[in-house]
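For reference, the structure discussed in these notes is given below.
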Amino acid sequence: MISEKVRFENRQDAGRRLAQRLLPWKGRPDLVVLGLPRGGVPVAFEIAAALGVRLDVWMVRKLGMPGHEELAMGAIASGGVTVLNEEVISLLSDARGALAKAIERESRELARRESAYRRGRAAPDLTGKTVILADDGLATGATMRAAVKALKKHGVARCVVAVPVGSAEACANLQNEADEVICLAAPESFRSVGEFYEEFDQTTDDEVGKLLAAAENWPQKSDAE
């Protein structure tokens with residue numbers, strides 16, 4: 001039985017509740033909120049709205065295990081960063097071939113989504129920025145680790161991982177990668193992110209595009225100063 005304290009109505013509810021924990025960051029002129037597509041973008045939208053800062057996306061793709069796509073062999077992120085889950089890879093008889101195929105497939109999808117979501121807009125210059133990186137939850141944490149490593153490569157000053165819920169192991173492991181990890185709930189019993197949501201429908205490309213477009217019209221503190 002999942003405690004009511006760690007259940008969310010939907011991603012919007014999770015984002016609003018997570019934003020309350022992030023209010024101390026409000027007012028920083030160097031702050032940017034990034035969501036991991038697709039499910040992390042509705043969460044990030046609520047955070048960025050509460051803090052009054054720019055919203056954007058950071059592209060990461062999970063490398064699913066053949067036949068068990070929900071199980072991550074690792075992940076790739078913008079900037080040519082790859083993170084591997086050696087424990088999962090060791091289960092494969094042809095690990096090199098499976099990885100090569102997954103990386104080729106997901107690299108194409110990563111490029112497609114980047115083009116679709118940005119719609120001609122340049123990626124933000126994150127050099128020296130404080131970044132809040134949000135997702136709707138953490139299972140293995142491989143996708144988020146890849147994102148953090150990519151952001152460090154792009155010269156961010158500080159990377160704060162923010163999620164409504166995650167496995168205790170994933171949240172603990174990320175402490176070694178991010179400058180700070182904010183996770184509202186990290187239950188020991190964890191099967192999937194979706195079990196902690198009343199509504200957990202797949203976020204579409206169109207929804208991501210609309211949220212990013214809506215956020216472009218916000219008055220932002222850094223713009224006003």
What's the shortest heavy-atom distance between [X] and [Y], and which atoms?
X      : Y      : result
Val165 : Val193 : CG1-CG1, 4.5 Å
Gly39  : Asp135 : C-OD1, 4.1 Å
Cys183 : Ala185 : SG-O, 3.0 Å
Pro66  : Ala98  : CG-CB, 3.9 Å
Asp56  : Pro124 : OD2-CD, 3.4 Å
Leu55  : Ala48  : CB-CB, 3.9 Å

Full working for side chain to side chain contact (heavy atoms under 4.5 Å, CB included) between Arg38 and Tyr117 = CA-CA 10 Å; Arg38 289 179 290 212; Tyr117 299 158; 3.0 Å; yes

Verify same cluster id: [X], [Y] (apolar side-chain graph, 4.5 Å):
X      : Y      : value
Phe190 : Val161 : no
Val83  : Val60  : no
Val33  : Leu212 : yes
Met65  : Leu63  : yes
Phe196 : Ile47  : yes

Please determine whether a side-chain nitrogen of the Lys or Arg among [X] and [Y] lies less than 4.0 Å from a carboxylate oxygen of the Asp or Glu.
X      : Y      : answer
Glu180 : Arg158 : yes
Glu109 : Arg112 : yes
Asp13  : Arg7   : no
Glu106 : Lys62  : no

So, does [X] use its side chain to make a donor-acceptor pair with the main chain of [Y] at under 3.5 Å?
X      : Y      : answer
Asp179 : Cys159 : yes
Arg61  : Leu110 : no
Arg11  : Asp201 : yes
Thr82  : Ile76  : no
Arg16  : Ala50  : no

Between Thr204 and Asp206, does any side-chain donor sit less than 3.5 Å from a side-chain acceptor?
-> no

Pair Tyr197-Asn10, side-chain donor/acceptor within less than 3.5 Å =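 There is no such pair (donor and acceptor under 3.5 Å, judged by atom type) between the side chains of Tyr197 and Asn10.
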
Quick one: pull up [atom1] in [X] and [atom2] in [Y] and give me the separation to the nearest 0.5 Å.
X      : Y      : atom1 : atom2 : result
Leu34  : Ile132 : CG    : CD1   : 9.5 Å
Leu174 : Glu169 : CG    : CD    : 11.0 Å
Asn85  : Ser90  : CG    : OG    : 8.5 Å
Leu184 : Leu18  : CG    : CG    : 5.0 Å
Leu22  : Ile182 : CG    : CD1   : 4.5 Å
Ile89  : Leu99  : CD1   : CG    : 4.5 Å

When Val156 is tested against each of Leu133, Val32, Val131 for side-chain contact (heavy atoms from CB on, under 4.5 Å), which residue passes?
->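 Single pass found, and it is Val131.
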
For Phe200 and Phe8, run ring-ring contact (aromatic ring centres under 6.0 Å, His included): C-alpha distance rounded to whole Å, both residues' side-chain angles, the deciding distance at 0.1 Å, then the answer.
-> CA-CA 10 Å; Phe200 199 66; Phe8 306 98; over 10 Å; no

Let me see the working for Met144 and Val163 under side chain to side chain contact (heavy atoms under 4.5 Å, CB included), right down to the final yes or no.
-> CA-CA 10 Å; Met144 185 63 81; Val163 293; 4.1 Å; yes

Give the intermediate values and the outcome of side chain to side chain contact (heavy atoms under 4.5 Å, CB included) for residues Val53 and Trp25.
-> CA-CA 10 Å; Val53 298; Trp25 296 93; over 6 Å; no

How are the rings of His154 and Trp58 set relative to one another: parallel (under 30°), tilted (30 to 60°) or perpendicular (over 60°)?
->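 Plane angle over 60°, so perpendicular.
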
